[in-house]
Amino acid sequence: MKIFDTLSAAEKELDISGIVRIYVCGVTVYDESHIGHARTIIVFDTLRRFLESDGLKVKFIQNFTDVDDKIINRAKAENASADTITTKYIASYFDEFDRLNVKRADSYPKATEHINDMISLIKGLIDKDFAYVSKNGVYFSVSKFKEYGKLSKKKIDELIAGARVEVDETKRDPLDFALWKFADDYPRWESPWGHGRPGWHIECSAMCLKHLGSDFEIHGGGRDLIFPHHENEIAQSECYTGRNFAKIWMHVGMVTIKGEKMSKSLGNTKSVDFVLKKWGPNIIRLFCLSGHYSKPIDYSEDLLKETIAKWRQVENCYVELTHPEKDELSNPPPNLNIKVIQPKIALYKENFNDALKSDFNTPLALNFFFSIVNEVNNLAAHDFVTESISNSILPEFKKILEVLGLKITEPPHEESNRIEELIAKRNAFRTQKKYQEADVIREQLEHVGVILIDHKGRTLWIKQEKICSEV
RNA sequence: GGUGAGGUGGCAGAGUGGUUAUGCGUUCGCCUGCAGAGCGAAUUUAUAGGGGUUCGAAUCCCUUCCUCACCUCCA
């Protein structure tokens, strides 16, 4: 599988010789997550699912930043402890991303639980003369790392020239960044240099090295983290270990709204909770995968509405495949025979995999998935979804749903029984040609989200996922 | 100002030298008791503008214009 690596600015073959180790920069837990965060997480969740479906072993680590000025400010504003804030938002993170059907990472390390790891990393950097203690804290000396700027393709002198950062006179060089910041207020930790808090970037270095080691396979995050966050992570980690930090840097494009980046400061965010209530998890996942991960994607209601239509086709396909016609009752013409259909589906599935293996081209992969859906629905329209067809397609179909993290919900038994009773009643009316009465029942079912599919001599039904924004 | 990524039909979105992907939308048919799903046909013979290379370019080169992101916290 090839993935575009930001560092080498080229596609790189993913090393699958051992466990595929993935580290994704997660969120700072001081506020609600929005769909921008969700996109990044969904992309990596899907990547992970794809690798696992291919039989690979994946170790997936995603951190929570739980030490940060924004957290402290929020705590002050709410007259609560930082801990209260982070606990609250970690809980809501899990609640929301579980609803998005995001598989839990193997571990969710927190900055506050790795203070000692960070301290020993900083110590090592000071020993190797890559860092120094100053009045306000411990700083990484950017000029000591010759390759600084290699990820973001920035030149050091240009950075200085265009620097918008306030110059801190206590630093040797304006580009130096904090590894440890002295502080008297809480939360604070003891360190060999004085009490205070870790700088932002050091946590990821410490946690990557601890949980994944050096030269792990994929380091991911949003594009906006390339500079300075990931650039600084590379500097710290490579100076500390003397080894390559990560093999592939994979960055996910921003979610925009009306063409502008969605962000807190612009006040144009859509929270995960909001979009889940409005569109539901399947639509959100399909939407997030409908563009290439590296490009921006625009949150537009029109596009999301289109996605609903696709999802309805998927639901239809699923119901047809799970309720096939008996082989002996169906008589497909030669061109719709299983011998023709099966290789066709197999080809689509292969194309689906190939698309994902080519820099995780999810929009292309989704095309092939929908080709399968369409193929099945076409057969279904003529009552040709037979048991043998279903037997050959359903397992593949389910595998794809699993990779994409899509989930079809089926109603509980009691409800199903009630629905089927009504359908039996309706069909009785239909055989008597009492269509008005039959239609009343169909409308009644429609009101509770049940759509009927009439086939020769039998009626299938779909309990559609409820999507609030559907007109 | 610097750096990076882009500009494809009404919309979304592949394709990186040689059969006008594909999906959605719209229109008209067909199928159906009516629907759902589906089928057929039509809609625009798309590739930001201008140059160049080539037998041939959306695809390579030059140039102009435009958009977005990053250069401060950000997924």
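Predicted model, so just to flag it, every value in this text is computed and none were measured. Just so it is clear: chains get the letters A, B, ... in the order the sequence lines come, proteins before strands, and each one is counted from 1.
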**Q** Is the phosphate of B:C24 approached by A:K305 (side-chain N or O, under 4.0 Å from OP1 or OP2)?
**A**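 No.
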
**Q** Rounding to the closest angstrom, what is the interatomic distance between B:G6 and B:A12 at atom C1'?
**A**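 The answer is 16 Å between these two C1' atoms.
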
**Q** Could you tell me how far apart A:E233 (CD) and B:A75 (P) are, to the nearest whole angstrom?
**A**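 Distance check: A:E233 CD to B:A75 P gives 13 Å.
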
**Q** Do A:K310 and A:F370 meet the cation-pi criteria used here (NZ or CZ under 6.0 Å from the six-membered ring centre, within 45° of the axis)?
**A**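 A:K310 over A:F370 ring: yes.
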
**Q** Just wondering, do A:N232 and A:Y148 contact through their side chains at under 4.5 Å, heavy atoms?
**A**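 A:Y148 reaches A:N232 side chain to side chain.
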
**Q** Using a 4.0 Å heavy-atom cut-off, write out nucleotides 2-20 of chain B from 5' to 3' as B (base contacted by protein), S (sugar-phosphate only) or - (no contact).
**A** BS--------SSSS-----

**Q** Measure CZ/A:F64 against P/B:A75 and give the value in whole Å, please.
**A**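 The distance from CZ of A:F64 to P of B:A75 comes to 12 Å, rounded to the nearest Å.
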
**Q** Rounded to whole angstrom units, what separation is found between the CG atom of A:L452 and the P atom of B:G36?
**A**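 My rounded result for the distance is 12 Å.
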
**Q** Check the angle between the aromatic planes of A:H219 and A:H230 and answer parallel, tilted or perpendicular using the 30° and 60° thresholds.
**A**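 Judged by the thresholds at 30° and 60°, the geometry between A:H219 and A:H230 is perpendicular.
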
**Q** Between the base of B:G33 and the side chain of A:D439, is there a donor-acceptor distance below 3.5 Å?
**A**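 Yes.
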
**Q** Please name all residues satisfying salt bridge (Lys or Arg N to Asp or Glu O under 4.0 Å) with A:E11, sequence neighbours left out, ordered by chain then number.
**A**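 Salt bridge (Lys or Arg N to Asp or Glu O under 4.0 Å) check on A:E11 returns nothing, list empty.
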
**Q** Without decimals, in angstroms, what is the distance between A:E325 CD and B:G38 C1'?
**A**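 Atom CD in A:E325 sits about 17 Å away from atom C1' in B:G38.
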
**Q** Between B:A69 atom P and A:L225 atom CG, what is the distance in whole Å?
**A**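 Roughly 15 Å, once rounded to whole Å.
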
**Q** Tell me the interatomic distance from A:Q313, atom CD, to B:G25, atom P, rounded to whole angstroms.
**A**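 Whole-Å distance recorded here is 8 Å.
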
**Q** Given atom NE2 of A:H219 and atom C1' of B:A75, what is their separation to the nearest angstrom?
**A**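 To the nearest whole Å, that distance equals 12 Å.
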
**Q** Relative to A:Y30, does A:K264 satisfy both conditions: NZ or CZ under 6.0 angstrom from the six-membered ring centre, and within 45 degrees of the ring's axis?
**A**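 Judged by the rule (NZ or CZ under 6.0 Å from the ring centre, within 45° of its axis), A:K264 counts as positioned above A:Y30.
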
**Q** Tell me which residues in residues 373-380 of chain A lie within less than 4.0 Å of RNA chain B, going by non-hydrogen atoms.
**A**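 Close to the strand are A:N374, A:N377, A:N378.
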
**Q** Nearest to the side chain of A:D454, heavy atoms from C-beta on, is which of B:G33, B:A75, B:A37?
**A**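 Among B:G33, B:A75, B:A37, the one nearest the side chain of A:D454 is B:G33.
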
**Q** To the nearest Å, give me how far apart CD1 (A:I462) and P (B:G36) are.
**A**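 About 12 Å, once rounded to whole Å.
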
**Q** Let me confirm one number: the CG-CG distance from A:L366 to A:N361, rounded to the nearest 0.5 Å.
**A**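 The CG atom of A:L366 sits 9.5 Å away from the CG atom of A:N361.
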
**Q** Just checking, A:R104 and A:F94: is the charged tip under 6.0 Å from the six-membered ring centre and within 45° of the axis?
**A**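 Yes - A:R104 lies over the ring of A:F94, closer than 6.0 Å to its centre and within 45° of its axis.
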
**Q** With the side chain of A:E320 defined as its heavy atoms from C-beta on, choose the nearest nucleotide among B:G36, B:G23, B:G33.
**A**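 Comparing B:G36, B:G23, B:G33 against the side chain of A:E320, the answer is B:G36.
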
